[in-house]
Structure formats: C-alpha cells, structure tokens
Amino acid sequence: MILIHINNVAQSLTQPTSLAELILAQNIALDSIALVLNTEVVPRNRWQTILCQHEDKLELFSAVAGG
C-alpha cells in the first residue's frame, strides 16, 4: 500500500500510479492544473513518467480567471 497526501488529505494507492493517472482518477482535467510534488513544481511533460512514492505530498493548483 502506498500512502500519499493530496492537498493535505491522505489517500491510499493499491498499485504504482503515475502522477497523470492519479490526476485523471481525481476527475481533474490535466490541462487545467499545476502540480507540486514534495515542494517542487513538476512540468506537465513528466507527469506520465513519475510514479507516486510512499509519503509523497502533492499540491494541485488551478488558475481561476476573474477580477
């Protein structure tokens, strides 16, 4: 079992999961967010190749237009 934290909420994974797979499983559009993994911004072109590790901390951010 792999325990990760997404926006400070613990979540368990039963198998190795890429960042892209994880985001899609959350029903979030890949092109609408920025991702920080353990305090480092991860470029979108690397999301498919990075697998979540036990105790990873992910922060997901979306831009909101308005004024």
Side-chain angles (χ1 to χ4, degrees):
M1 178 112 17
I2 301 167
L3 178 67
I4 62 170
H5 301 271
I6 302 174
N7 294 342
N8 293 319
V9 176
Q11 184 170 348
S12 297
L13 304 175
T14 58
Q15 62 186 20
T17 304
S18 73
L19 296 176
E21 292 169 327
L22 181 69
I23 293 165
L24 288 173
Q26 303 291 314
N27 293 318
I28 300 171
L30 292 177
D31 61 348
S32 68
I33 64 165
L35 188 147
V36 176
L37 173 63
N38 300 324
T39 72
E40 292 191 31
V41 175
V42 179
R44 191 176 318 275
N45 64 355
R46 295 189 53 220
W47 292 0
Q48 290 287 344
T49 59
I50 297 175
L51 295 178
C52 295
Q53 303 294 315
H54 187 67
E55 293 296 330
D56 272 349
K57 291 176 178 43
L58 290 95
E59 297 289 332
L60 306 177
F61 297 92
S62 62
V64 178

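Excluded from the calculations below are hydrogen atoms, water molecules and symmetry mates; all remaining heavy atoms, backbone and side chain alike, are included. Predicted model, so just to flag it, every value in this text is computed and none were measured.
Considering all non-hydrogen atoms of both residues, A10 and H5 come closest at CA-ND1, 3.7 Å. When all heavy atoms of W47 and V42 are compared, the closest pair comes out as NE1-O, 3.0 Å. Scanning all heavy atoms of the two residues, the minimum distance from V36 to F61 falls at CG2-CE1, 3.7 Å. Pairing each heavy atom of P43 with each of V41, the nearest pair is CD-O, 3.7 Å. Closest of all the heavy-atom pairs between N38 and E55 is OD1-O, 4.3 Å. Here the shortest heavy-atom pairing between Q48 and A20 reads NE2-CB, 3.4 Å.
With rounding to the nearest 0.5 Å, the separation of SG in C52 from CG in L22 is 4.5 Å.
Looking at heavy atoms from C-beta onward, T17 lies out of side-chain contact with I2 at the 4.5 angstrom threshold.
Heavy-atom neighbours of R46 CZ from other residues, nucleotides or ligands within 6.0 Å: at or below the threshold of 12.
Under the 4.5 Å side-chain contact rule for hydrophobic residues, I50 and L3 do not share a cluster.
Although no hydrogens or angles enter the test, the distance criterion places no donor-acceptor pair under 3.5 Å between the side chain of S62 and the main chain of L60. No donor-acceptor distance shorter than 3.5 angstrom exists from the side chain of R44 to the backbone of L35, with no hydrogens or angles considered. Listed for the Q53 side chain is a donor-acceptor partner under 3.5 Å among the backbone atoms of L51.
Donor-acceptor pairing under 3.5 Å is recorded for the side chains of Q26 and Q11.
Just one of L37, T39, N8 meets the side chain to side chain contact (heavy atoms under 4.5 Å, CB included) condition when paired with E59; it is N8.
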